[in-house]
Amino acid sequence: MAKLRIATFNINGIRSRLAALLQWLEREVPDVVCLQELKAVDSAFPVEPLRDAGYHAIWQGQSAWNGVAILAKSAEPVERRRGLPGFEQDMHSRYLEAEVGGVVIACLYLPNGNPQPGPKFDYKLAWFDHLLAHAAKLYTSAQPVVIAGDFNVVPTDEDIYNPRSWLKDALLQPESRERYRKLLEQGWTDALRTYFGDERVYTFWDYFRRHWDTNSGLRIDHLLLSADLAPRLRAAGVDRWVRGEPHASDHAPTWIELEMGAGRKKKSA
DNA sequence: ATGACTTCCTTAGGAAGA
């Protein structure tokens, strides 16, 4: 494949949203998909409908909350790890890492952190610190890497319709933003921001106050590229039509397209 | 503003999301 399309989608319940997921896969045909908020135990993961749709999958579920999965078309994702290193006491299903077609895919669901201050915000920052440590190793691993997921961070005030009513929210706190900035300082490219420049782009619209109807959104779903992948970025976008469907998730699928054709290594040395 | 919506787990209302 010359073009590689990688998407991240917080589905907000894979059982209640399976039809929407299958419709999106059929219409947009992403090569790799990172899913978050499965809200389902492992045994409830819809293996067969996804296989019928042409997707292999690995997943890490749990009852009622959290849960992440990596889907891949025409290739079996080869799992590298589940959970962040050094954070074995973390009981939430929030991190899954696999290799797909020579690219390392890190799928994450970073804790929301509300209310703040408090133990949930402390957990968010601790989770973020473990991610920073692991991401630093990934970045220098000499492998192409994409870190994709729901980061639950609005990086700047340009990534929200109006920060005023969100100033006390965990997503906008300086501690959250500082860690996201530290991540980028490791060298990662924020693909959506790089592709869109100054243009506004949102990936989440909450269910309250007609926020979808008024395009009052937040950019919290991110795809980060390692140094060797950044020059391969050809396109990026948000599949807003999915958010406009009846009974939609509050997030929309967010994707990038990488040109993988040129510079491909030959099999023999 | 302990708000608003929505799903999950369980069957009336709480927890959690962001």
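What you see is a predicted model, and the numbers here were worked out from it, not measured in a lab. Convention: sequence-line order gives letters A, B, ...; per-chain numbering from 1.
Checked against ring pair (Phe, Tyr, Trp, His ring centres under 6.0 Å), A:Y109 has no partners two or more places apart in sequence or in another chain. With sequence neighbours left out, the side-chain contact (heavy atoms from CB on, under 4.5 Å) criterion links A:T156 to A:E158, A:D159. Scored by the side-chain contact (heavy atoms from CB on, under 4.5 Å) test, A:T203 finds A:R219, A:I220, A:D221, A:V238, A:T254 as partners (sequence neighbours excluded). Every residue was checked against the ring pair (Phe, Tyr, Trp, His ring centres under 6.0 Å) condition with A:W65, not counting sequence neighbours, and none meets it. Looking at residues two or more places apart in sequence or on another chain, you find a side-chain contact (heavy atoms from CB on, under 4.5 Å) between A:A72 and A:P77, A:V100.
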Residues 39-55 of chain A side chain polar contacts: donor-acceptor under 3.5 Å, at least two apart:
| unit_1 | atom_1 | unit_2 | atom_2 | d |
| --- | --- | --- | --- | --- |
| A:K39 | NZ | A:N12 | OD1 | 2.8 |
| A:D42 | OD1 | A:G61 | N | 2.6 |
| A:Y55 | OH | A:P30 | O | 2.6 |

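Anti is the conformation of B:dT10, whose glycosidic angle sits further than 90° from 0.
Within the hydrophobic cluster formed by Ile, Leu, Val, Met, Phe, Trp and Tyr side chains joined at under 4.5 Å, directly or through other members, A:W188 is accompanied by A:L84, A:F87, A:Y95, A:V104, A:L108, A:L110, A:Y123, A:W127, A:F128, A:L131, A:L132, A:L138, A:Y139, A:V145, A:I147, A:F151, A:V153, A:Y180, A:L183, A:L184, A:L224.
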**Fill in**
Reading nucleotides 13-18 of chain B from 5' to 3' and marking B where a protein heavy atom lies under 4.0 Å of the base, S where only the sugar-phosphate is that close, and - otherwise, the string is ---SSB

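Using modelled atom types and a 3.5 Å distance limit, the side chains of A:N10 and A:E37 yield a donor-acceptor pair.
If you take atom P in B:dT11 and the same atom in B:dT6, they sit 23 Å apart, rounded to whole Å. Between the P atoms of B:dA16 and B:dA1, the separation comes to 24 Å (whole Å). For the P atom pair drawn from B:dG13 and B:dT2, the interatomic distance equals 22 Å after rounding to whole Å. Look at the P atom in both B:dA15 and B:dT10: the space between them is 14 Å, to the nearest Å.
A:R210 comes within 4.0 angstrom of nothing in the nucleic acid, heavy atoms only.
Under the 6.0 Å cut-off for aromatic ring centres, A:W24 and A:F9 qualify, their centroids lying closer than that.
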Listed pairs, N/O of protein and of nucleotides 1-3 of chain B, under 3.5 Å:
none

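Put simply, A:S63 has no side-chain N or O that comes within less than 4.0 Å of OP1 or OP2 on B:dC8. OP1 or OP2 of B:dC9 has at least one side-chain nitrogen or oxygen of A:R15 nearer than 4.0 Å.
The distance between atom CG of A:D213 and atom P of B:dC5, rounded to the nearest whole Å, is 12 Å.
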